[in-house]
Each structure stands twice: as structure tokens, then as C-alpha cells.
Number of protein chains: 2
Amino acid sequence: MQLHKRTLVAKATELLDSYGIADLTMRRLARELDVTPGALYWHFANKQQLLGAVADEILTPACAPPRHSDWPDRIAEVCARLRNALLSHTDGAELVSASFAAGQSAAITEVLGLLAAAAADAGLHPAQADLAARTIMHYVLGFTVDEQSRMQWDAAGALPEEQSVLDERSDPGAAFTFGLDLLTDGLSVRGGVRPLS
Amino acid sequence: MQLHKRTLVAKATELLDSYGIADLTMRRLARELDVTPGALYWHFANKQQLLGAVADEILTPACAPPRHSDWPDRIAEVCARLRNALLSHTDGAELVSASFAAGQSAAITEVLGLLAAAAADAGLHPAQADLAARTIMHYVLGFTVDEQSRMQWDAAGALPEEQSVLDERSDPGAAFTFGLDLLTDGLSVRGGVRPLS
DNA sequence: ACCTGAACACCGTTCAAGT
DNA sequence: ACCTGAACACCGTTCAAGT
């Protein structure tokens, strides 16, 4: 049976979910597909490109058109979807972060577009809106890489167990929202278009 | 002559500056020091730990006590020093970013402390100040990784050459300041302590 | 205490040659 | 067009044994 880009990406995503990014190697992927390592290079020029395709796969849910019309809600919605997408795959944040840095994912560019549009609605000039979008993206990726590495570290080791108060320190969701609100507040100051609240 | 941690770190930094992070391998470092790869593992438990020590070396200039007393100036000062430190070594941002994610650098913790103190002066509660510090750190690292990869990409290839206007799009320094101001504005909104201007 | 020798178990990538 | 075979040039880490 013939090999296709999509079967490659599907199996790669499966490997990622089961064993993590360290074990997502070209050789292992080839073995799992019962082909020679060289075969993969007919479909992808190199590993970076393959990882970019996996990043696109992971980010599909985050690319859907936002439901909210108010710009602060739209930013919150896109970022929440982004974080959820990253968290639903083992080492998802790390993989997407690497693909972002390498500029290998079309889906990341799409998400950046959604964020830039929201920033423009906040009143920023196009060039500033682009910068703001990248800033938000860096925040979400950085935060989620942190969060996920802690999660996976805790899942294997001993963790202090059950805090009584659910403040920003113990609840990652609250911490995420806090940092995002910091940026959103900054946007409304610089853009001049304040949120409805 | 005996091997010491500091000679190891010094040679590793030298390798980084000359050939980049991809060529900073344990085997190459050993070769350059005229020892067997195994010798390195007497001084460092693993590669991550060695890279953490290099990150500490890189970040030394960023750990100096800030000169400014006003909190927004202090944040700007620390972040500018941080960015400069990263930019003065090949792949410096990438290396420190990795050590941050791995939690292997004491110097990063120190810088986080400086930022958290400034955020507290802006009027945030301690837990919030810690989160704000991490948010700023994610921004600076993410931005500088981007900037540096573009720099090094341009240095080897063809670049469009000389924009006439020095706006945020063409001037990395202005873009950096813009994103940082976004966060600083957010801090003053949430903290209630507005900057002097 | 500090290092060597030698191995273990891998990597990404290329490319002539086959079908 | 698509894949195999086989190589090239490497990795990080471990550990008995030497000094």
C-alpha cells in the first residue's frame, strides 16, 4: 500500500501522543510504518517540515472562526482554543513552539491573523496589531510549554497534592487568564478602544 | 592539567559563539578539551545541566542590580539587559529559552526575582507579581529567539535591504519596546500604581 | 578523585539502484 | 513515481577499569 503525506502525519501524531516528542524520530516513524527511513524523504524534505505538518494537525481546532464579536472576548476565545489544542497532545506546546520558531506551520500564521484582527479592532495600527499578535502568541506558547512540562513531571513523580484555595498559584487556568488579561489591558490602553465592561 | 567546571563552561560558551547551539555537543566539547566524552560526566550529570551553566554565564550581565527606582523604568532596564545578553551570543536566546523550560538556570530565577519585585511595586499581590514576571520573561525570550533567528538567517542569505522608515516593522528595538510597553501598561492597569508620565 | 576505553543504543540525511 | 539498501557522519550516556 502506498504512503501518503496524511498517513505519515497521522502516524506521527499517534507516536507523539503515545511516547512524546523525544521519541518522535524519523527512524522510529519509518519503522512504525514498515518502510525504510529514506522513504520519508520522498514526502517531506526534512524533519522540520514533517513536524510543521504535525503542528498544523494539532492547531486545526484553533483555526475555526471565532464566535465572539467583541475583541477582548475574541482574543480570550482564540487563546483558550489554542491552549486546549496544545494540551490535548503530549508535548503539543513544545512541538508547536518549535514549529513557530522555525516558521514551518501555516496554521500558526492563521491563528496570528485572527489575533492581529482582534488587535486591530482594539484600535491598533496594522503594524502594531501584527506585533501584538506575536506577543500574545509568545505568551500562550511560553505559558503552555511551562504548564505542560509541569503536568507531565507531576504525572510521573510526587506532587504536594490538593491545595485548599484555588488561586492563580494552584489553578493553571486562572494563571493563564491573568497573564492574558495583562496583555488585553495593555491593548485597550494603546488602542483606545476599551472593552464593554 | 585538571578539568574544572569553569573551564568546561568557558569552552562551551566559546563553541556556542563560534559554531552555534547545534554544534555544541558533549562529544565535540570533549574533543576540543582533549578529553574523552565520559570525562564530562564527572563534572556534570548531563547535557541539560551543562547548558544551564552556560545560560548562567550568558545571563550574568542581566543580574546586576537595576539602576532605576521607578518600576516601569526598572522593567525596561532589566529586559533591555536581558535582550542584550542573549543577543551577544550565537543562539543565546534559544539556549536560555531551553534552560528556562528545563528549569536549569539559577540566573533566570534571579532575573525573574527582579521582575517580580518591579511588578510588586506596580501594586500587584505577590502571587500575581510572580505570574507577571514569568509573562514578561516569556515575552522577552520569545521575541528574542525570533529576532535572533531572523538575524542569523539574514546574515547568510539575501535580505531586502535598507527600509527608508524606521518603524516598528523594520526596527527590532522599537518592536521590542512596543510589546514590552503593552505589558507595562497592563501592569499599571491591574496594579493601580501608574507610571510618573 | 578524576579520567580512559569501549561499548550501547540510537540519530538525520543522502543517493545510487531497483521496481 | 516511489521506495530499498546501505552508507556517512554523527549523537548522549554508562561504567568497569586504570592511575
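In what follows, chains carry the letters A, B, and so on, assigned in the order in which the sequence lines appear, proteins first and then strands, with residues in each chain numbered from 1.
Taking the side chain of B:R31 as heavy atoms from C-beta on, and the options D:dC11, C:dC11, C:dT13, the nearest nucleotide is D:dC11. Side-chain atoms of B:T25 lie closest to D:dC11 of the nucleotides C:dG12, D:dC11, D:dC3. Checked against D:dT13, D:dT4, C:dC3, the side chain of A:V35 finds its nearest nucleotide in D:dT4.
Using atom C1' as the reference point in both D:dT14 and C:dC3, the two lie 14 Å apart (nearest Å). Across the C1' atoms, D:dA17 and C:dC2 are found 13 Å apart, a figure rounded to whole Å.
Residue-level contact check: A:T36 touches the bases, meaning some heavy atom is under 4.0 Å from a base atom.
Across all strands shown, C:dC15 is found opposite D:dG5 as a Watson-Crick or G-U wobble partner, with both distances under 3.5 Å.
When hydrophobic clusters are built by joining Ile, Leu, Val, Met, Phe, Trp and Tyr residues whose side-chain heavy atoms come closer than 4.5 Å, directly or via intermediates, A:L51 is grouped together with A:L33.
If B:H4 and A:P37 are placed on DNA chain C by their nearest nucleotide, the residue sitting closer to the 5' end is B:H4. Residue whose closest nucleotide on DNA chain C sits further toward the 5' end, between B:R27 and B:L3: B:L3.
Rounded to an integer number of Å, the gap from A:K5 NZ to D:dC2 P is 11 Å. When rounded to the nearest whole Å, the span between CE of B:M26 and C1' of D:dC10 equals 16 Å. Atom CZ in B:R28 sits roughly 12 Å away from atom C1' in D:dC10 (whole-Å rounding). A:L15 places its CG atom 15 Å from the C1' atom of C:dC11, with the value rounded to the nearest Å. One atom, CD of B:Q48, and another, C1' of D:dT13, lie 13 Å apart when rounded to the nearest Å. Between the C1' atom of D:dC11 and the CD1 atom of B:I21 lies a distance of 15 Å, rounded to the nearest Å. The CG atom of A:L40 sits 17 Å away from the P atom of C:dC15 (whole-angstrom rounding). Atom CG of B:L24 and atom C1' of D:dG12 are 13 Å apart (whole Å).
For A:W42, no side-chain nitrogen or oxygen approaches OP1 or OP2 of D:dC3 to under 4.0 Å. The shortest distance between the side-chain N/O atoms of A:H43 and the OP1/OP2 oxygens of D:dA1 is not below 4.0 Å.
Taking the ring axis of B:F176 as reference, the NZ or CZ atom of B:R83 stays within 45° of it and closer than 6.0 Å to the ring centre. Taking the centre and axis of the six-membered ring of B:Y139, the NZ or CZ atom of B:R134 falls outside the cone set by 45° and 6.0 Å.
For B:T90 (side chain) and B:G20 (main-chain N/O), no donor-acceptor pair under 3.5 Å exists by modelled atom type.
For the residue pair B:Q152/B:D91, the side-chain donor-acceptor check at 3.5 Å is satisfied.
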